[in-house]
Asks: 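First the structure, then my questions, so here it is.
Throughout, protein chains are lettered first and strands after them, A, B, ... in sequence-line order, and every chain is numbered starting at 1. Atom set for the values below is all heavy atoms of this structure, side chains included, hydrogens, waters and symmetry mates excluded.
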Number of protein chains: 2
Amino acid sequence: MLDAPLALDALGDPSRRQILMLLARGGMSVSGLLEHFDFSQPALSKHLRILREAGLVTFVKDGRAHRYELRGEAIRDAGAWMIELYAFWNDRLDTLGSTLDALAEEDAREDAVQ
Amino acid sequence: MLDAPLALDALGDPSRRQILMLLARGGMSVSGLLEHFDFSQPALSKHLRILREAGLVTFVKDGRAHRYELRGEAIRDAGAWMIELYAFWNDRLDTLGSTLDALAEEDAREDAVQ
DNA sequence: GATTTATATAACTTTGCGGTTATGCTTAAT
DNA sequence: ATTAAGCATAACCGCAAAGTTATATAAATC
């Protein structure tokens, strides 16, 4: 069995998962994100740093704003690991193959348009 | 976007992920699991409690031993949530459909043999 | 150039979590 | 019946993590 992705450590926090759900809709600035939370701006910046170091988000400077963006591949990899674990448990490695094949196919299509 | 599964909180710990990987190979007793770790038996029991309350494992009493088992569906659901998030981010809801369809199909097959 | 806006970092506080030892309960063994 | 084995819980400890306020930097505005 493959090692679990580090990203799962960062995903263990509800606020960070909420951030990722917001970013899945599109890039957002820190102040834009902040409107959706009760805690302070530094607290949000700390979460964003953790997500960055886990490879789950990136940002681009846009004037004085930092536009954060989701790194979907990292999310996908974490999800794939779980599906893989499920498939292994389920004693159906054919499922594993088809699932990962489907993901790889998606990836190829994505790369093509970029 | 759907809420993230609570299970992800429990998955935020490397030791617990290791436990799940061991259990994916088949049910194990606490003492059996303990051989794979450096910490004490109470520490392991606390991890198992958290995994139980997250719905990720169950156990059956077997004499004085407790045989823990993985609840694959919970893992699958957590993985599916991430794949779903990825698909949403990737602006390809057709992918979401096909991925979840594939999982549902797997599930149906599983139910059939049980 | 002074001020305001946007974000990050530093320093600090507090709380939660993962670890420990000690103990209790249940079941098997002798 | 005692003893031992397997596991869970209680009580406690230390530290990391999530929060705070204060401050620094960089860019836009006036």
Asks: Nearest to the side chain of A:H47, heavy atoms from C-beta on, is which of C:dT20, D:dA18, D:dT20?
Replies: D:dA18

Asks: Could you state the NE2-C1' distance from A:H66 to C:dT7, rounded to the nearest angstrom?
Replies: 6 Å

Asks: Mind calculating the distance between CG (A:D62) and P (C:dT7) to the nearest angstrom?
Replies: 10 Å

Asks: When the distance from CG of B:D13 to P of D:dA16 is rounded to whole Å, what number comes out?
Replies: 14 Å

Asks: Name the orientation class of the two ring planes belonging to B:H66 and B:F59 (parallel below 30°, tilted from 30 to 60°, perpendicular beyond 60°).
Replies: parallel

Asks: Which nucleotide wins on minimum distance to the side chain of B:S15, given the candidates C:dG19, C:dG18, D:dT21?
Replies: C:dG19

Asks: A:Q41 has an atom CD; how far is it from atom P of C:dA8, in whole Å?
Replies: 7 Å

Asks: If the plane angle is over 60° it's perpendicular, under 30° parallel, otherwise tilted; pick one for A:Y86 and A:W89.
Replies: tilted

Asks: B:K46 NZ to D:dA11 C1': how many Å, rounded?
Replies: 10 Å

Asks: Do we see a donor-acceptor contact under 3.5 Å between the side chains of A:S31 and A:E35?
Replies: no

Asks: Which nucleotide sits closest to the side chain of A:V30: D:dT9, C:dT7, D:dG19?
Replies: C:dT7

Asks: Roughly, in whole Å, what's the span from CZ in A:F59 to P in D:dA26?
Replies: 13 Å

Asks: Look at A:S31 and C:dT7 and indicate whether a side-chain polar atom (N or O) is within less than 4.0 Å of OP1 or OP2.
Replies: yes

Asks: Dump the intermediate steps for side-chain contact (heavy atoms from CB on, under 4.5 Å) on B:M82 and A:M82, then the final yes or no.
Replies: CA-CA 9 Å; B:M82 296 196 193; A:M82 295 197 193; 3.2 Å; yes

Asks: Starting from P on C:dA6, measure out to CZ on A:R67 and report it in whole angstrom.
Replies: 14 Å

Asks: Give one of base, sugar-phosphate or nothing for A:F37, where a contact means two heavy atoms less than 4.0 Å apart.
Replies: nothing

Asks: Taking 4.0 angstrom as the limit, do B:R71 and B:D77 come out as a salt bridge?
Replies: no

Asks: Give a yes/no on whether any side-chain N or O of B:R49 is located under 4.0 angstrom from OP1 or OP2 of D:dC7.
Replies: no

Asks: Whether B:S40 contacts C:dT21 is assessed here as follows: a side-chain N or O lying under 4.0 Å from the phosphate OP1 or OP2. Is that the case?
Replies: no

Asks: More 5' along DNA chain D: A:R64 or B:S45, using each one's nearest nucleotide?
Replies: B:S45

Asks: At less than 4.0 Å, is any side-chain N or O atom of B:Y68 found next to OP1 or OP2 of D:dG6? Yes or no.
Replies: no

Asks: Pick the closest DNA chain C nucleotide for B:I50 and for B:K61 by heavy atoms, then say which residue is nearer the 5' end.
Replies: B:I50

Asks: Roughly how many Å is it from CG in B:D9 to P in C:dG18, rounded to a whole number?
Replies: 11 Å

Asks: Answer with base, sugar-phosphate or nothing: what part of the nucleic acid does B:A43 contact at a heavy-atom distance below 4.0 Å?
Replies: base

Asks: When you measure from the side chain of A:P42, which nucleotide among C:dT9, D:dG6, C:dG19 comes out closest?
Replies: C:dT9

